[in-house]
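Worksheet for the structure shown next.
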Amino acid sequence: MNSQPSTPDEVFVQLLSQNEPLIRSYLRNLLPSYQDVDQVMPDVALVAWRKFSQLEDHDAFARWACVIARYEVMSYRRSKARDRLVLDPDVVARLADEAEEEMPLRRRQMNALEHCLAKLPPQRRDLVLACYSPEKSMRDIAAEINRSENSLYQLLRRIRVDLQECMEKNLSQESLS
Amino acid sequence: MNSEETMLLWSYLEGKIEPQEIDALNDLLRRSPAARQFLIQQTTLESQLREIALAEANATTPLFSPPRRRWNVRPLLALAAVLVLAAWLLPLAPFSLMRKEPPLAIDGPLSTPIVTADPVAILKAATQVKWQKTAKATGTPLTPGWLKIDSGTLHIEFLSGARLLVTGPAALRLDSENSAFLESGTASAYVPEPAHGFLLESPKLLVKDLGTSFGLKVGQGQETEVHCFDGSVELFTDDQRRNAQLLLADQALQWRDTKFEKVPVRRSEFPSGKAASLAASAEIESRRQQWQAFNQQLASHPSTELLYTFDQEQEWSRSVKNHAAKAKPGTNASLVGAAWSTGRWMGKSGLEFRTRGDRLRFTLPGSFEEITMSAWLRVDSLPNDYNALLLPSRYQRGCVHWNIERGGELRLTQIRDQFPRIDRAHWNGPISSSGLSSLDLGRWLHLVTTYRSKTGEVVHYRDGVIVGRGSFHDHLPVVFGPMEFGNWGADGKTSDNAWVLHQPTNHRKRHFVGRLDHLLIQSRIASPTEIAEMYRLGQP
């Protein structure tokens, strides 16, 4: 069960699995919603699979996949341009550059986030995860905790800002030590 | 960024932005590095939160069902073969690698505890009480609202410190931690210094305490009497509370029609703490006898494998006797850490579990097609993601985990394999109940779970009522072996439980915090009626 993957397909699937969260967060940086991420991700995976034989350094998989992701976002954007709720191409390009620069930080950020989530009061932690779980809509959760949807969004903003602050503090301490 | 700009970014992040706002957003992102930074940070945070939420959700995904991502099927067809293969070949779930610890906790994700209204008082005792509607158990925290009794005496302690004894028939509404409304009935109030200013209202009069004990009697026709036993009280007859009438110790007034009339003080007509406590001890004695008789029945029942009543144990004793008539040798339990303390009522002993090391150890041999596990316990807090009721110290096929989750859900899981792993496929369940409310913390509860291997059905009961049910995938008999109540003795040092070391730290820490004063395991299914009766007989 623990044997090393050998065929190129197996290697690819493993690399994709390992890097999928990174690719998804990069896509989310550039796209208006997570539904859009769900739409684009399979295309990124498919293109990456087709071109996988061209990738020499497997350690560079994430960065390579993000180049593909950037292309796919642009073409998805063009197909969506009519609904006007998308960012302009030059803005997406700037976001893409800046997000790519930050990529090496993501794993440490994830660790910091887990640390900060654990420091939240358990109810808050569970609430924030419930809001992002695939199972429930914000409306359902608002109803469950007897709040209006609007006030749930407000609460979530506060928690997100708190988490972000905590992560930054955590990461800056980490770089000092 | 100013607040308007921040709002614009949040609207975009939450998918609520309007088409006419898009140009402003593009401009903002073009000129402001801070805005771009904010957007990147928040979108990254969002996707990382989704990853964690998804990993936790997938940890409870039933066997063989796909991970809950919404993939678009069409472009994936070409990949499908590879992915299906990969799901079998790769030992690691695709989303787990960015986490420091394996997210696949076999005991699953946690729900949000229910938060209810804050309590304003505690029911200290209910002596010979006939309730009009639902009975409330001693020790129950009371939230604002009505208490109605036909007879008997309630002893209520407000959070302010004021104590109220109310004799029925009575209707009392708790309003705050230092005020109440007596619609009818007879009440005595004892108000210590910190609670001065305690207000007891009746339909005709408002009594404000000025440091005292006093009685208030409201008859069916709303004729009202106030008797001041000690100190002084102020009486108001109008809503505006302008015209105060002062009443001193050993004075009593009756409000009739529209004026006060002096009447003699008659202490004996009001409930006193002493009389109530005498009545209470008589009641406790009769309940104790009932409870003992019931335990004798349990002990002699052929299906009773384990019965710890915690009675008649010596204070210094570190072992607990299994009272089952057919108790197998070695089924007496030993105490580690846990201290003897008071159980459900005065004179009933129980165990207190407080620190990380506290536990009750026993071994129960055999394999059971049907089981009923019952515990009378008081949960004082739920400090861990999973708080142990019964957990195995050694693992074998058929072992069960009986936990309370952080959100108060009772849950049962069972190991399907000889050697368990942190992988859902190796486990049956979880089957969970609805959660406790915050008001259930600190009061005595009766928790029961039954399991029938023939059908795989698990049923959870709380206080005699079904609070959850479901079925295990495999229909295996249950085995116990070396077990612990209140802790998890699996130390990862033997091959059967080495997997425990791969559990995240927050899942390994499982000590129970609270008290236990009755534990029963029977090798049969107790019926809902029997379980309701068990609760009725045992409720404090």
Side-chain angles (χ1 to χ4, degrees), chain A residues 1-2 5 9-10 12-14 16-18 20-22 24-25 28-29 32-35 37-39 41-43 45-46 49 84-85 87-88 90-91 94-95 98-99 102 106-107 109-111 113-114 117-118 122-123 126-130 132-135 144-145 153 157 160 163-164 167, chain B residues 10 12 14-17 19 22 25-26 29-30 33 36-37 39-54 56-57 68-76 78-79 82-83 85-86 89-95 97-101 109-113 115 385 406-407 506:
Chain A
M1 293 288 271
N2 289 318
D9 282 344
E10 286 169 25
F12 171 75
V13 171
Q14 190 170 42
L16 180 65
S17 313
Q18 284 171 3
E20 189 186 355
L22 279 177
R24 281 180 172 268
S25 84
R28 178 67 185 99
N29 294 153
S33 77
Y34 215 77
Q35 286 74 39
V37 174
D38 282 333
Q39 294 267 313
M41 183 67 212
D43 293 322
L46 195 62
W49 184 47
R84 294 271 297 137
L85 289 180
L87 299 173
D88 288 343
D90 62 307
V91 173
R94 279 197 200 191
L95 286 171
E98 289 172 13
E102 278 192 34
R106 294 287 181 249
R107 277 169 210 275
Q109 281 170 346
M110 187 75 162
N111 288 344
L113 173 59
E114 293 208 348
L117 269 178
Q123 274 164 272
D126 293 346
L127 178 71
V128 73
L129 290 181
Y132 294 112
S133 90
E135 305 291 313
E144 263 178 46
I145 60 168
Y153 272 109
R157 281 183 202 178
R160 281 170 67 158
L163 281 172
Q164 187 64 42
M167 285 163 67
Chain B
W10 278 118
Y12 172 76
E14 289 162 0
K16 291 194 252 174
I17 197 160
I22 282 286
L25 177 69
N26 275 313
L29 291 170
R30 228 171 249 125
R36 290 196 297 276
Q37 178 68 13
L39 189 68
I40 291 172
Q41 277 176 350
Q42 285 297 331
T43 47
T44 304
L45 177 64
E46 189 205 315
S47 42
Q48 291 178 333
L49 284 168
R50 282 182 192 277
E51 289 301 325
I52 294 173
L54 184 74
E56 295 206 353
R68 301 173 205 182
R69 278 202 201 284
R70 287 181 294 271
W71 285 89
N72 200 3
V73 176
R74 181 192 49 81
L76 261 191
L79 261 183
V82 184
L83 287 175
L85 188 70
L89 288 181
L90 296 177
L92 295 159
F95 332 104
L97 290 169
M98 284 180 76
R99 297 174 58 102
K100 279 179 291 186
E101 292 171 324
L110 303 157
S111 52
T112 315
V115 180
D385 285 354
R406 195 186 281 283
N506 56 332

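Letters go in sequence order (proteins before strands), and every chain restarts at 1.
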Sort B:L25 into side chain, backbone, both or neither according to what part of it lies under 4.5 angstrom from a heavy atom of chain A.
side chain
What residues form a side-chain contact (heavy atoms from CB on, under 4.5 Å) with B:E14, not counting sequence neighbours?
A:Y153, A:R157, B:W10, B:K16
side-chain contact (heavy atoms from CB on, under 4.5 Å) involving A:R94 - partner list, sequence neighbours excluded:
B:R30, B:R36
Flag side-chain contact, heavy atom, 4.5 Å: A:Q109 against B:Q41:
no
To the nearest 0.5 Å, what is the distance between CD on B:Q37 and CG on B:L29?
12.0 Å
Pair count under 4.5 Å, heavy atoms only, with chain B: among A:L163, A:D90, A:V128, highest is A:D90
Cut-off 4.5 Å, heavy atoms of chain B, and the answer for A:L113 is side chain
